[in-house]
Every structure is written in structure tokens, then in C-alpha cells.
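I have placed the structure first, in the form of C-alpha cells, so that the comments after it can refer back to it.
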Amino acid sequence: EVQLQASGGGLVQVGGSLRLSCTKSGFPNDGYVIAWFRQAPGKEREGVSVINLSDSSTYYIESVKGRFTISHDKARNTVALQMRSLEPEDTAVYYCAAGRDYGVWGHWGNGTQVTVSS
């Protein structure tokens, strides 16, 4: 059974850091991509960052480039999203998702709340 479990959210002040983790199980690394999405109140869900588990290539949306880093720990079966220099606009529920291709997200994890206070 494919499972994704997100954790690591919390309350942080502007400029602070948080590290989100997405623990995966039930599917191999090769041939899969994992993404972090977020959804703020009243806004549509948006993709934030993606990592290809086969070759570790990454993608970030413009607003988080230089502040967020996505990484894959093969030994721990986790994909982390290290978030630095957080801004109030980063406040959202963050989700991880997995799929066989970019844009085809067949599996979703639970959400974890990130709140950045000013």
C-alpha cells in the first residue's frame, strides 16, 4: 500500500526556518517523483517543489527559490523540504504527493500546517 506521511509543520516567526518531512512507503524510488504542495486559506493549491527520485533533479517555484531546498534521504525513505527565511506568504497547509510523472499525482499524504507570524 502506498503511503505518504507529512510532518514538521509549526508556528515560526518571519525569517525563521522549518523542515518538513514526507515519509514514503509502498513504492520504489525509481520512476517516481515527489512534490510538495501548499494551500493557503482562500487560495488554490500550488506546487512548491518537486524532486525526481530516480536522478534527484529538482524544481522550485520562483517565490521559494533560494529559500527552500528539497532533498531525498534514501536510507530513511523521506523527502524533506528545508524552508528558510520564511515569510507570512508561506503560511499554508503543506502536502506531499507522489506520482509516476510530473503533474500526475496519484498519491497524497496528509497536510501539515505551517504558520509564519509577523
Side-chain angles (χ1 to χ4, degrees):
E1 179 186 2
V2 173
Q3 288 190 337
L4 297 168
Q5 179 72 38
S7 62
L11 174 64
V12 64
Q13 291 186 331
V14 170
S17 299
L18 280 175
R19 184 179 179 86
L20 305 183
S21 290
C22 177
T23 302
K24 57 177 279 293
S25 61
F27 61 96
N29 292 327
D30 286 345
Y32 280 86
V33 292
I34 287 186
W36 283 98
F37 288 80
R38 67 186 179 187
Q39 187 165 20
K43 295 187 177 181
E44 293 187 357
R45 184 173 57 197
E46 67 171 346
V48 175
S49 183
V50 181
I51 186 165
N52 186 317
L53 300 187
S54 298
D55 62 11
S56 296
S57 57
T58 59
Y59 168 82
Y60 301 91
I61 58 172
E62 194 62 35
S63 61
V64 307
K65 282 182 180 177
R67 301 189 298 120
F68 290 11
T69 303
I70 192 169
S71 61
H72 178 212
D73 186 331
K74 293 182 180 181
R76 297 183 178 183
N77 280 324
T78 60
V79 171
L81 185 68
Q82 178 68 51
M83 307 185 294
R84 299 181 176 87
S85 301
L86 284 162
E87 304 167 352
E89 293 73 23
D90 296 316
T91 295
V93 178
Y94 284 70
Y95 302 87
C96 56
R100 298 282 299 191
D101 200 358
Y102 298 95
V104 184
W105 308 109
H107 310 286
W108 289 84
N110 58 303
T112 185
Q113 176 71 47
V114 171
T115 303
V116 184
S117 65
S118 57

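Every value quoted in this text rests on a predicted model; they were computed, and no experiment measured them.
- Side-chain rings of F37 and W105 approach one another, their centers coming within less than 6.0 Å.
- Considering only heavy atoms from C-beta on, L20 comes within 4.5 Å of M83 through its side chain.
- T115 and Q113 are linked by a side-chain donor-acceptor pair at a separation below 3.5 angstrom, with hydrogens and angles left out of the test.
- T23 has its side chain out of reach of R76: every pair of non-hydrogen atoms, C-beta onward, lies at least 4.5 Å apart.
- Proximity of L53 to K24: side-chain heavy atoms (C-beta onward) are separated by under 4.5 Å at one or more points.
- Distance CD1/I61 to CH2/W36: 14.0 Å, rounded to 0.5 Å.
- Summarising the geometry of S17 relative to Q82, their closest heavy-atom pair is CB-NE2, 4.1 Å, with the distance given to 0.1 Å.
- To the nearest 0.5 Å, the span separating OG on S56 from CG on N29 amounts to 9.0 Å.
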Working for side chain to side chain contact (heavy atoms under 4.5 Å, CB included), residues N110 and Y95 | CA-CA 6 Å; N110 58 303; Y95 302 87; over 6 Å; no

Might you work through the side chain to side chain contact (heavy atoms under 4.5 Å, CB included) test for V50 and Y60, ending with a clear yes or no?
-> CA-CA 7 Å; V50 181; Y60 301 91; over 6 Å; no

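- In terms of heavy-atom proximity, C22 sits nearest to L4 at SG-CD2, 3.8 Å.
- Relative ring orientation between Y32 and F27 is described as tilted, the plane-to-plane angle lying within the 30° to 60° band.
- Contact of the H72 side chain with the I34 side chain is not registered, since no non-hydrogen atoms from C-beta on lie closer than 4.5 Å.
- Minimum heavy-atom separation, L18 to G8: CD2-O, 3.9 Å.
- Remark: N52 CG to T58 OG1 distance equals 10.0 Å, nearest 0.5 Å.
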Under the side chain to side chain contact (heavy atoms under 4.5 Å, CB included) criterion, do K65 and R67 qualify, and how do the steps go?
-> CA-CA 5 Å; K65 282 182 180 177; R67 301 189 298 120; over 6 Å; no

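- Side-chain atoms of R45 do not come within 3.5 Å of backbone N or O of Q39 as any donor-acceptor pair.
- The main-chain N or O of G31 is found under 3.5 Å from a side-chain atom of S54 such that the two form a donor-acceptor pair.
- Among all heavy-atom pairs drawn from A92 and A40, the shortest one is CB-N, 3.8 Å.
- Interatomic distance, OG of S25 versus CD of E1, reported as 7.5 Å (0.5 Å rounding).
- Counting only heavy atoms from C-beta outward, the side chains of L81 and R19 never approach each other to under 4.5 Å.
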With side chain to side chain contact (heavy atoms under 4.5 Å, CB included) as the test, would you mind laying out the steps for V116 and Q13 before giving the verdict?
-> CA-CA 5 Å; V116 184; Q13 291 186 331; over 6 Å; no

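- Side-chain contact between V114 and L11: absent, with no pair of heavy atoms (C-beta onward) separated by less than 4.5 Å.
- Remark: side-chain polar atoms of S49 are paired, donor with acceptor, to backbone N or O of Y59 under 3.5 angstrom.
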